[in-house]
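Down below is the structure, laid out as structure tokens.
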Amino acid sequence: MGVDLTDLAPKHEIELKELSGKIIAIDAFNTLYQFLSIIRQPDGTPLVDEKGQVTSHLSGIIYRVTNLIELGIKPVFVFDGKPPLLKAETIKARAEVREAARQMYEAAVEEGSAEAYKYAQAATSINAQIIEDSKTLLGYMGIPFIVAPSEGEAQASCMVSKGAADYVGSQDYDSLLFGAPRMVRNVTITGRRKVPRRNIYVDVKPEIVELKETLETLDITREQLIDIGILVGTDFNPGIYKVGPKTALKLVKKHKNMQEVFGELEQTIENYEEIKEFFLHPPVTDDYHIAWGRPEPAKIKHFLCDEHSFSQDRVEKVVERLEKAVVETGKQKTLSAWF
DNA sequence: CGTTATGA
DNA sequence: TCATAACGG
């Protein structure tokens, strides 16, 4: 999906509970995508209500967010706004990949192939209904969300830079390129994760990544980190064939500017200047108000049970936990901005 | 994914 | 009580 700087950026594993009291600006699309691709039956079928609408994300949100609130963590979800023109080709390319996966999925289902799950995951897409339902549920839960003018990661990064949030919560590293001082991975998917091809599960813990430490460790500037990201590939360009984080770091440190890097590679990157400018100065807004409110049990129950076929028992149980957790957290005066 | 059922 | 399987929607 986004920029991948694994093995380059130093990370610090922590326990989820260590984030108690922290405000995390969560990349909503990143989270929804994960829920939608992972919460499925073994044959790849997502959870759906009786109307056939996908509900995997709603299950993910209600349970995961409740767990975060129980730990005293304060999530604010940041949705993407209008995608930048620079992203158009990536969006088109991804749609084509998804469509191909969707056809493979249908074929796999037809012949009862075990590959079906894999293709279903690759075909995961987010539509307007999914976004609207997610916002509705978050609203009823009392969880704040904002809609970014452009990229959610950029807006979330800005919020951490300004001190409105403590961490960007996302799986990919774009926020470092956008200048976020701190990010945390694996906040929305902590727990057990299946090791591919093997039938075992490993614990996935949250990982803190700090921009300053990353730059100092690699002995580069933020601009150079952006160049590394662009060489490897971002949401706005495919990246250079066979250039991964390690090679990109070497190239960027060896040369004094990207023209020289392009010279050595004997190729350039389309829109390089514009992409870099976008990471340095993305459209963001300060026009938002973040507040955590009391959940509305009746509305949650009606929305999930009556409109989306959730079981009354299960929803009542989780809503009770959410209400209790909010009351507990609200008691602690050290935590600001609750109610 | 996270919860719930099961059973040693 | 804990590990694991299956279910949820």
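Chain naming here is simple, since letters A, B, ... match the order of the sequence lines and numbering starts at 1 in each.
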Problem set entry | Whole angstrom value for the distance that separates C1' of B/dT3 from CD1 of A/Ile189 | 18 Å
Seminar exercise, completed: Here the gap from A/Glu89 atom CD to A/Glu270 atom CD, rounded to the nearest 0.5 Å, amounts to 5.5 Å
Exercise. Roughly how many Å is it from CD1 in A/Ile130 to P in C/dG9, rounded to a whole number?
Worked result: 17 Å
Seminar exercise, completed: A/Leu58 CG to B/dT3 P, in whole Å, measures 16 Å
Seminar exercise, completed: Only residue of A/Val261, A/Asp227, A/Ile240 satisfying side chain to side chain contact (heavy atoms under 4.5 Å, CB included) with A/Ile269 is A/Ile240
Exercise. Do A/Arg40 and A/Thr124 get their side chains close enough for a donor-acceptor pair, meaning under 3.5 Å?
Worked result: yes
Exercise. On the ring face of A/Tyr167, is A/Lys22 found with NZ or CZ under 6.0 Å from the centre and within 45° of the axis?
Worked result: no
Exercise. B/dG2 C1' sits how many Å from A/Glu70 CD, rounded?
Worked result: 12 Å
Exercise. Looking only at side-chain N and O atoms, does A/Arg321 come under 4.0 Å of OP1 or OP2 in B/dT3?
Worked result: yes
For this session: Would you indicate what A/Pro46 reaches in the nucleic acid, counting non-hydrogen atoms under 4.0 angstrom: base, sugar-phosphate, or nothing?
Result: base
For this session: Start with the C-alpha gap between A/Asn237 and A/Thr234, add the side-chain angles, then the distance that decides, and say whether side-chain hydrogen bond (donor to acceptor under 3.5 Å, both in side chains) holds.
Result: CA-CA 5 Å; A/Asn237 71 289; A/Thr234 72; 2.7 Å; yes
Exercise. In whole Å, what is the span from the CD1 atom of A/Ile62 to the P atom of C/dG9?
Worked result: 12 Å
Exercise. Can you check the A/Tyr63 OH to B/dG2 P distance for me, whole Å?
Worked result: 12 Å
Exercise. Does anything in residues 302-317 of chain A reach DNA chain C, meaning a heavy atom under 4.0 Å, and if so which residues?
Worked result: A/His308, A/Ser309, A/Phe310, A/Ser311, A/Arg314
Exercise. In whole Å, what is the span from the CZ atom of A/Phe35 to the P atom of B/dG2?
Worked result: 7 Å
For this session: Determine the contact category for A/Thr55: base if any of its heavy atoms lies under 4.0 Å from a base atom, sugar-phosphate if only primed atoms, P, OP1 or OP2 are that close, otherwise nothing.
Result: sugar-phosphate
Exercise. Do A/Glu320 and A/Lys324 meet the salt-bridge criterion of a basic N to acidic O distance under 4.0 Å?
Worked result: no
For this session: Give one of base, sugar-phosphate or nothing for A/Gln41, where a contact means two heavy atoms less than 4.0 Å apart.
Result: base
Problem set entry | Spacing between A/Asp49 atom CG and C/dG8 atom P, to the nearest angstrom | 15 Å
Exercise. Roughly how far, to the nearest 0.5 Å, is CD1 of A/Ile146 from CZ of A/Phe77?
Worked result: 12.5 Å
